[in-house]
Amino acid sequence: MVAVSKTVGMPEVQRAREAGIRDFGENRSPLFLQKQQAFPGERWHFIGHIQTNKLKDVVGRASLIHSVATRHALEVISRLAIERQARQAVLIEVNVSGEASKDGAASQDLPSLLEAAGQLPGVEVRGLMTMAPVLRSEHDDAARETFASLRRLRDNLAPDYADADTISLNELSMGMSDDFEDAVKEGATLVRIGRRLWS
Ligand SMILES: *Cc1c(COP(=O)(O)O)cnc(C)c1O
């Protein structure tokens, strides 16, 4: 579980640490940087929309960047990581549902993005991430279908990268407060929980 701390302050992060939580997520680079520097011993995940000019605050400090969706972002991350003599672990965010308002790469662009990532010595791809569509009703299965689609996409692509040094698709980051149970049923390895944790 990644504890998404974007709505809380340092005291709550400290309490969560005392309760044994080691993985925290932030979606904006200034707060990511502030909290990571306050608690550098924990694993800090960057889960927000990527603005490439803000990546300098994130690369080398994030244990995992979940939300990489473009070749340009991959290139900037790789360059910064090499400057810092590091290799940055990332997930590729996929817009499974195809909603125009959503971040993430189109499913059909994944092979070419992974191909590009494999040529960049500063990045290591660990898997895929997605966001569920907004539910229209309590009985809407769209979230679970989205998670199942991401898993199938991964299952179909994984054999192509079985021998790749810097690409594996083991991680599936999917599920938040309202839908993490469905995500786990569909094979999530990382759930990103905010509200349910702090309220
Ligand atoms: C805020 C956020 C979460 C956590 O959402 P909750 O509904 O509060 O659990 C997870 N992932 C991303 C990308 C977020 O921005």
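Side-chain contact between Gln14 and Met10 is absent, with no heavy atoms from C-beta onward closer than 4.5 Å. Counting only heavy atoms from C-beta outward, the side chains of Val2 and Val191 never approach each other to under 4.5 Å. For the pair His66/Leu190, a side-chain contact is recorded, criterion being any heavy-atom separation below 4.5 Å from C-beta on. Within the 4.5 Å cutoff, no side-chain heavy atoms of Thr166 are placed close to those of Val123. Looking only at side-chain heavy atoms (C-beta outward), Arg17 and Phe24 come within less than 4.5 Å of each other. Side chains of Arg126 and Leu91 form a contact here, defined as non-hydrogen atoms less than 4.5 Å apart. Between Leu31 and Lys6 the shortest side-chain heavy-atom distance does not fall below 4.5 Å. Taking 4.5 Å as the limit, some side-chain heavy atom of Lys102 sits within range of a side-chain heavy atom of Met131.
The heavy-atom pair separating Gly175 from Ala183 by the smallest distance is CA-CB, 3.5 Å. Across all non-hydrogen atoms, the minimal contact from Ser107 to Val96 is OG-CA, 4.4 Å. Here the closest non-hydrogen pair linking Leu157 and Pro111 is CD2-CG, 4.1 Å. Minimum heavy-atom separation, Val59 to Ala81: CG1-N, 3.5 Å. Shown here for Thr146 and Ala132, the closest heavy-atom pair between the two residues is CG2-CA, 4.3 Å. Of all heavy-atom pairs between Leu120 and Ser78, the closest is CB-OG, 3.6 Å.
Tracing side-chain contacts under 4.5 Å through hydrophobic residues (I, L, V, M, F, W, Y), one never reaches Val58 starting from Leu33; they form parts of separate clusters. Under the 4.5 Å side-chain heavy-atom criterion for Ile, Leu, Val, Met, Phe, Trp and Tyr, Met129 and Val125 are members of distinct hydrophobic clusters. Trp198 and Ile193 fall within the same hydrophobic cluster, defined by Ile, Leu, Val, Met, Phe, Trp and Tyr side-chain heavy atoms under 4.5 Å apart, directly or through other members. Hydrophobic cluster membership differs between Leu197 and Ile47, with clusters built from Ile, Leu, Val, Met, Phe, Trp and Tyr side chains linked at under 4.5 angstrom. Tracing side-chain contacts under 4.5 Å through hydrophobic residues (I, L, V, M, F, W, Y), one never reaches Leu64 starting from Val68; they form parts of separate clusters.
Summarising the geometry, atom CG belonging to Asn95 is positioned 8.0 Å from atom CG belonging to Asp103; distances are rounded to the nearest 0.5 Å. Distance check, rounded to the nearest 0.5 Å: CZ of Arg61 to CG of Leu55 gives 12.0 Å. The CD atom of Gln108 lies 11.0 Å from the CG atom of Leu113; values are rounded to the nearest 0.5 Å. Interatomic distance, Glu26 CD to Lys35 NZ, rounded to the nearest 0.5 Å: 3.5 Å. Residue Asp57 holds its CG atom at 11.0 Å from CD of Gln34, rounded to the nearest 0.5 Å. To the nearest 0.5 Å, atom CD1 of residue Ile92 and atom CG of residue Leu153 are 11.5 Å apart.
A donor-acceptor pair under 3.5 Å links the side-chain atoms of Gln88 to the main chain of Ala62, judged by distance alone. The closest donor-acceptor contact from the side chain of Arg87 to the backbone of Pro121 lies under 3.5 Å. Side chain of Asp179 to backbone of Met176: a donor-acceptor contact under 3.5 angstrom is found. Under a 3.5 Å cut-off, the side chain of Arg192 and the backbone N or O of Val4 do not form any donor-acceptor pair. Remark: side-chain polar atoms of Asp109 are not paired, donor with acceptor, to backbone N or O of Ala105 under 3.5 angstrom. Between the side chain of Ser67 and the backbone N or O of Gly48 there is at least one donor-acceptor pair closer than 3.5 Å. Put simply, the side chain of Arg154 gets close to the backbone of Leu169: a donor and an acceptor are under 3.5 Å apart.
Side-chain polar atoms of Glu99 and Ser97 form a donor-acceptor pair below 3.5 angstrom. A donor atom on one side chain and an acceptor atom on the other are not found under 3.5 Å apart for Glu12 and Ser5. Side-chain N/O atoms of Asp23 and His45 include a donor and acceptor closer than 3.5 Å. Arg195 and Thr7 share no side-chain donor-acceptor pair at under 3.5 Å. For the residue pair Glu171/Thr189, the side-chain donor-acceptor check at 3.5 Å is satisfied.
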Assess the residue pair Phe180 and Arg196 against the criterion (side chain to side chain contact (heavy atoms under 4.5 Å, CB included)); give the C-alpha distance rounded to whole Å, side-chain angles, the decisive distance to 0.1 Å, and a yes or no.
CA-CA 10 Å; Phe180 68 90; Arg196 281 280 275 277; 4.0 Å; yes
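Glu75 and Arg71 are joined by a salt bridge, as a carboxylate oxygen and a charged side-chain nitrogen come within less than 4.0 angstrom of each other.
By the 6.0 Å contact criterion, CD on Gln85 is open, its count of non-hydrogen atoms from other residues, nucleotides or ligands being 12 or less. Heavy-atom neighbours of Asn53 CG from other residues, nucleotides or ligands within 6.0 Å: above the threshold of 12. Counting non-hydrogen atoms of other residues, nucleotides and ligands closer than 6.0 Å to CD of Gln37 gives a total above 12.
Trp44 and Phe32 have perpendicular rings, their planes meeting at more than 60° on a 0 to 90° scale where under 30° would count as parallel.
For the side-chain hydrogen bond (donor to acceptor under 3.5 Å, both in side chains) test, residues two or more places apart in sequence or in another chain that qualify with Glu186 are Arg144, Arg151.
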